[in-house]
There are 2 protein chains.
Amino acid sequence: MQRDAGRTRKRILEAATEEFAALGIAGARVNRIAEEAGCNKAMLYAYYGNKDQLFDAVFTAYVDAYLEEVGFDADDLPSYAGRVFDYFEEHPGHLRLATWYRLERPQGARLEAVLAVNADRLAALERAQADGVIPADFSPVELLSLIQSIATSWSTMNPEYGSAVPADRAHRRRTVVDAVERLLTSRDAGA
Amino acid sequence: MQRDAGRTRKRILEAATEEFAALGIAGARVNRIAEEAGCNKAMLYAYYGNKDQLFDAVFTAYVDAYLEEVGFDADDLPSYAGRVFDYFEEHPGHLRLATWYRLERPQGARLEAVLAVNADRLAALERAQADGVIPADFSPVELLSLIQSIATSWSTMNPEYGSAVPADRAHRRRTVVDAVERLLTSRDAGA
DNA sequence: GTCTACCAACCAACTGGTCAGTTGATTTCT
DNA sequence: AGAAATCAACTGACCAGTTGGTTGGTAGAC
């Protein structure tokens, strides 16, 4: 058993990601994380401060990975929605993480990285609309909001639907991309 | 101070609704609920069994109120979406409750009431499509999933958007209804 | 090469406080 | 008198965070 601070840090972060994704901040147990990571609880406090800061580290790591992998393309929003869908299909825990964050984090503390990315995206959408590349029926923030919701709609459904939800991932993906395409189809001004 | 079992039950349920909506099952504190309800913790156990069953009572009461108030109309989905939007604008805690339920409840235990309502709605949509009242581009379950997501999209956004989200409730509502209308506009079969 | 002093990595065991749930007695109404 | 409603005080388990000490790698003296 070699000693390796970097490896231990990583193992803690992985174990914490799993625990927080499953149970949230209030439900997570520091003891369990340490046990799962195969190290002593004290290491966790040495490396990450406390439970809350550990959640921060987990959440920031997820956001970085998400932004890197999904990217953004104001000119092709349907395929952006498809990539969002793909990401959360492959990392269902990350969507839970994002939801816990929204529910359990006090209103004050926002993530700089996300704020900056959002501003960028809103600006890019505005430009694309000014250039006529995408229709301007919805404002940039409306578009982002709707697309995000649609892309994750299957994962955020109440569990009671259960068997009615199609098991075929490709089929569910097509639904998402299709719906976003419809949002972007210009309609006549008349009621 | 009169004694009144019914009133005490109700006060506990109200206090519990607030506490669970704010903090979820793991984060809620039984002591706080009793204090807020202005009664002893033992009453809570006498009337509702334990913490989990108390959450069940809270959640069931919310579902009943929701189903009653929102209703469903397969022939006019945009206005259904508008009513869903309205409901959660007026009871933001209830959307949080639904989210906690999805995150914290073990997969096994579903609510009969919701299962039955879902089945009804799927059947109603199927009929409406067969009658040609609404387009059949999306299947019933796809429609329900998309509409639910769109109606709650503003409330489920990451908090980092903050000031970019329009404060005007009527405006946000129009976005929702508009988006659902677009889903229902038939398109040509060609790619 | 190997000895040694040093420090980072690591941990078992503890602490103080908090939590869900219980008990046995008291009050109030009929 | 008796039943239902109420509660102060208790219990045992658990939990986040700490402490004081041990272990293992390694840099430099010789």
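A note on names: the letters A, B, ... follow the listed sequences, proteins ahead of strands, and every chain is numbered from 1.
Evaluation of atom-type donor-acceptor distances gives no pair under 3.5 Å for the side chain of B:Asp4 against the base of D:dA5.
Nearest to the side chain of B:Ala42, among C:dC10, D:dT18, D:dA8, sits D:dA8.
Atom CG in A:Leu44 sits roughly 13 Å away from atom C1' in C:dC11 (whole-Å rounding). Straight-line distance from the CE atom of A:Met43 to the C1' atom of D:dT19: 14 Å, rounded to whole Å. The interatomic distance linking A:Arg9 (CZ) with C:dA9 (P) rounds to 9 Å, in whole Å. Computed from coordinates, the B:Tyr48 OH to D:dT6 P distance equals 12 Å when rounded to whole Å. Protein atom CG of A:Asn40 is 16 Å distant from nucleotide atom P of D:dG21, rounded to whole Å. Atom C1' of nucleotide C:dC10 and atom CD1 of A:Ile12 are separated by 11 Å, given to the nearest angstrom. For the pair A:Arg7 CZ and C:dA9 P, the computed distance is 13 Å after rounding to whole Å.
Below 30°, between 30° and 60°, or above 60°: for A:Tyr87 and A:Tyr66 the angle between ring planes is above 60°, a perpendicular geometry.
Between the side chain of A:Thr8 and the backbone N or O of A:Asp4, at least one donor-acceptor pair lies under 3.5 Å. Proximity of a side-chain donor or acceptor of B:Glu104 to a complementary backbone N or O of B:Ala26 within less than 3.5 Å is detected.
A salt bridge is defined here as a Lys NZ or Arg NE, NH1 or NH2 lying under 4.0 Å from an Asp or Glu carboxylate O, and B:Arg29 with B:Glu35 fails to meet this definition. A salt bridge is absent between A:Asp73 and A:Arg83: the closest approach of a Lys/Arg side-chain nitrogen to an acidic carboxylate oxygen does not fall below 4.0 angstrom. Salt bridge annotation for A:Glu90-A:Arg169: present, with a cationic side-chain nitrogen under 4.0 angstrom from a carboxylate oxygen. By the 4.0 Å N-to-carboxylate-O rule, B:Asp75 lies too far from B:Arg127 to be salt-bridged with it. Between B:Glu89 and B:Arg172, at least one side-chain nitrogen of the basic residue sits less than 4.0 Å from a carboxylate oxygen of the acidic one, meeting the salt-bridge criterion.
For the helix from C:dG1-D:dC30 to C:dT30-D:dA1, the end axes, each set by the C1' atoms of five terminal pairs, are bent relative to each other by 0° (nearest 10°).
Contact annotation: B:Thr8 does not reach the phosphate of D:dA5 (side-chain N/O to OP1 or OP2, under 4.0 Å).
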Listing time: all N or O pairs from protein to nucleotides 17-20 of chain C that are below 3.5 Å?
residue: C:dC19; atom: OP1; partner: B:Arg29; partner atom: NE; Å: 3.0
residue: C:dC19; atom: O5'; partner: B:Arg29; partner atom: NE; Å: 3.3
residue: C:dA20; atom: OP1; partner: B:Ala28; partner atom: O; Å: 3.1
residue: C:dA20; atom: OP1; partner: B:Lys51; partner atom: NZ; Å: 3.0
residue: C:dA20; atom: OP2; partner: B:Val30; partner atom: N; Å: 3.2
residue: C:dA20; atom: N7; partner: B:Lys41; partner atom: NZ; Å: 3.4

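Side chains of A:Gln53 and A:Asn50: a donor-acceptor N/O pair is present below 3.5 angstrom, by distance only.
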